[in-house]
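Okay, structure first, notes after.
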Protein chains: 2
Amino acid sequence: MKAMIKGVGLTKIDQHWSKSIGELAAEACFKALRDAGNPKIDAIVVGNMMSGLLNGQENLGAHIAESIGMSGIPAIKIEAACGSGGAAVMWGAIGVISGIFRNVLVVGVEKMTDATNTEDQSSALATASDAETELSMGATFAALNAIIMRRYMHEHGLSEEDFSHLPILMHKNAADVEHAQLRYRISLKDYLESPYVCEPLRLLDASPTGDGAAAIIIGEEGDVEIAGFGSSTDLVETFSRDLTELRAVKSAAKKAMEMASIELGDLDIVQIHDAFSVIGYMCVEAIGVVERGKAHKFFESGDAERNGYLPINPEGGLKARGHPVGATGVYQVAEIALQLMERAGPSQVEGARIGLSVNIGGTGSNVTAIVLKR
Amino acid sequence: MKAMIKGVGLTKIDQHWSKSIGELAAEACFKALRDAGNPKIDAIVVGNMMSGLLNGQENLGAHIAESIGMSGIPAIKIEAACGSGGAAVMWGAIGVISGIFRNVLVVGVEKMTDATNTEDQSSALATASDAETELSMGATFAALNAIIMRRYMHEHGLSEEDFSHLPILMHKNAADVEHAQLRYRISLKDYLESPYVCEPLRLLDASPTGDGAAAIIIGEEGDVEIAGFGSSTDLVETFSRDLTELRAVKSAAKKAMEMASIELGDLDIVQIHDAFSVIGYMCVEAIGVVERGKAHKFFESGDAERNGYLPINPEGGLKARGHPVGATGVYQVAEIALQLMERAGPSQVEGARIGLSVNIGGTGSNVTAIVLKR
């Protein structure tokens with residue numbers, strides 16, 4: 001059985017203080033259902049990381065089923081840290097491929113601004129790291145990524161300025177995208193003047209916190225095929241790994257492309273997981289687009305632009321479209337689907353037929369890659 | 001493709017203060033892997049509800065993969081409140097049926113005693129109820145179930161004593177089961193003298209909190225077939241439903257039996273979700289074993305005993321074997337598998353060939369039923 005995408009629905013990523021997590025998810029689900037012509041849904045797979053910690057709501061599958069008037073059908077939540085959305089898409093596709101379900105509604109949702117202060121958000125995010133050796137030592141995600149960035153600079157002889165190319169392009173891309181969170185351009189001056197979150201990592205290296213939901217309907221028929229997927233884990237503790245290589249990205253992307261019978265050169269568009277500039281760089285390197293340590297040149301050259309050699313994140317990526325953690329992987333897949341259906345509006349990449357999305361959990365420990373084909 | 005169980009591993013349910021959640025899960029996984037002859041595992045599906053809230057550890061799939069030296073393969077956590085374990089088994093089976101994975105390791109784990117006080121446990125458990133209309137009003141799970149019990153007594157004219165039959169049988173069953181948490185018998189006098197947690201619900205109506213992990217290996221070949229499964233959701237908020245009927249149990253059990261091409265009379269053994277005595281009663285009624293309001297008679301008659309007409313929870317059920325929330329659904333399936341393989345030791349039901357397990361999330365809002373056949 002094939003797994004096809006037959007409908008897509010996105011909410012704007014924002015601070016949705018007036019909406020509960022169920023209402024936010026419902027907005028994306030209703031849009032996707034309408035887009036797909038309201039097929040009968042047989043199961044719901046939710047991608048989410050922190051609803052228990054930030055919203056006091058587990059049992060999230062049943063809660064969202066209820067929020068869209070579909071109580072009765074099977075509904076689960078899948079958690080794989082910041083890679084929850086990608087994992088939900090993959091398992092939703094498996095549900096259809098198995099022949100057990102005809103139509104699966106996959107919805108990624110995260111409501112991060114419910115937390116009363118940023119410390120709560122940081123603590124919740126830190127549960128994606130190792131509880132005993134990282135979280136308990138007070139290592140926030142920004143701190144871990146600052147260490148990765150420092151090491152990457154050391155190994156490849158980079159300056160801080162070299163990291164500006166990714167956020168500048170992401171903000172440029174997001175500026176005309178309706179569902180994006182940060183719709184404004186930034187300059188090199190803005191980047192260099194933005195405060196350190198954790199030296200050398202600046203505010204403009206970091207993706208924002210926000211609330212958002214993205215939904216897709218996967219069925220046996222549709223416009224875009226989920227032609228391949230691959231998922232890989234790696235050691236959770238950052239310091240147990242080579243700090244500057246995303247092994248699980250390399251392996252997951254390889255598996256997904258093999259399953260889809262494509263090669264790197266076949267890709268028309270790629271969604272990378274740029275939670276921080278350095279992770280975005282390491283991501284394109286792990287996929288094989290450029291050699292290790294050369295990503296800044298790739299972004300500087302214009303090759304990653306919408307009309308470039310290999311467009312990366314034409315909707316602005318995690319940095320500027322936004323990164324509502326458990327929803328991100330579904331946004332990535334939904335955006336590629338819209339591109340392949342030629343419905344991406346101002347961010348449209350001309351003639352895109354094959355796309356790859358890479359969604360990362362932790363600092364590189366739980367990755368799902370998905371290949372879509374028109 | 002068929003989904004078969006080829007290995008089982010259980011930890012004793014206890015207060016495992018010296019073990020992290022990863023170490024606890026690993027113990028069950030290693031036992032299951034050895035039992036299955038150490039096959040190559042292609043994916044890990046974890047059933048767990050509260051690792052973020054109680055153990056500060058999300059990204060639990062990658063964490064458990066690392067704990068057993070299997071970093072690299074896909075690994076996710078599935079959350080469906082107290083029904084997480086059953087949902088993990090179902091999706092693990094779907095993974096094999098799809099042909100995507102040859103061998104899936106399903107492990108349910110919950111480490112509840114990490115919480116520093118019972119209030120933290122109660123708050124974490126309450127995230128299975130509706131955050132806006134139940135949790136925020138201070139309704140604990142014991143409180144919600146006490147209200148259900150009061151209504152059930154009112155509708156069916158029952159006394160408090162009528163609820164004693166289930167816990168007395170469960171404690172009797174657990175007494176000789178090695179992995180059970182509460183291995184002692186209780187008398188009617190013990191029951192009636194046990195304190196109210198929330199009137200009319202007594203301490204001896206409630207399943208204990210504990211730490212435990214259960215693992216099974218699902219593959220294309222094995223001794224016991226996962227012949228059918230069904231999952232149903234219902235409204236999360238208790239008061240939106242008929243308080244004394246578990247509609248989602250009725251529907252999920254029906255789907256699972258239809259998929260397995262069996263009828264109620266074919267069952268040799270049933271695992272019910274007796275988180276509280278009244279839920280155990282409503283569960284056997286929803287499956288169709290007895291009419292509504294008659295479950296107490298069924299348990300009083302001896303029909304539910306190991307050598308009775310239809311043995312229920314021969315290992316002591318949630319009440320006495322224990323209820324490590326997200327692990328429970330995997331314990332239930334593993335126990336039936338051991339029964340069908342004639343490896344259940346003192347709890348063995350003679351000649352058992354077909355079994356049904358029912359795992360409930362919330363107060364009846366997320367249910368997975370699974371039929372196993374020898």
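Sequence lines set the chain letters: A, B, ... in the order given, protein chains first and strands last, and positions in each chain run from 1.
The residue among B/Gly52, B/Gly61, B/Ala80 with the most heavy atom pairs within less than 4.5 Å of chain A is B/Gly52. Comparing B/Ala124, B/Gly56, B/Ser51 by heavy-atom pairs within less than 4.5 Å of chain A, the highest count is held by B/Gly56. Of the residues considered (A/Ser251, A/Ser231, A/Ala81), A/Ser231 shows the highest number of contacts with chain B, using heavy-atom pairs under 4.5 Å. Residue with the most contacts toward chain A among B/Asn366, B/Val367, B/Ile97, B/Ile44: B/Asn366 (heavy-atom pairs, distance under 4.5 Å).
Using a 4.5 Å cut-off between heavy atoms, B/Val46 does not touch chain A at all. For B/Met50, no part lies near chain A; criterion is any non-hydrogen pair under 4.5 Å. Proximity to chain B is limited to the side chain of A/Leu135, based on heavy atoms less than 4.5 angstrom apart. Neither the backbone nor the side chain of A/Met1 comes within contact range of chain B; no heavy atom of the residue lies under 4.5 Å from a heavy atom of that chain. Proximity to chain A (any heavy atom under 4.5 Å) is shown, for B/Ile21, by neither the backbone nor the side chain.
The list of salt bridge (charged side-chain N to carboxylate O under 4.0 Å, His left out) pairs with a residue in residues 121-139 of chain A, not counting sequence neighbours, is empty.
In this structure, the side chain of A/Gln57 engages the main chain of B/Ala131 through a donor-acceptor pair within 3.5 Å.
Annotation: residues 69-78 of chain A contacts chain B through A/Met70, A/Ser71, A/Gly72, A/Ile73, A/Pro74, A/Ala75, A/Ile76, A/Lys77, A/Ile78 [non-hydrogen atoms, separation under 4.5 Å].
Residues A/Ser98 and B/Ile94 come closest through the heavy atom pair OG-CG2, 3.6 Å. A pairwise comparison of heavy atoms in A/Glu237 and B/Glu66 identifies N-OE1, 4.0 Å as the closest pair.
A donor-acceptor contact closer than 3.5 angstrom is absent between the side chains of B/Ser129 and A/Asn59.
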Set out, in order, the CA-CA distance, both residues' side-chain angles and the distance that settles side chain to side chain contact (heavy atoms under 4.5 Å, CB included) for A/His63 and B/Leu235, then state yes or no.
CA-CA 7 Å; A/His63 179 67; B/Leu235 302 170; over 6 Å; no

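No more than 12 heavy-atom neighbours from other residues, nucleotides or ligands sit within 6.0 angstrom of NZ on A/Lys250.
Interatomic distance, CE of A/Met49 versus CD of B/Glu58, reported as 6.0 Å (0.5 Å rounding).
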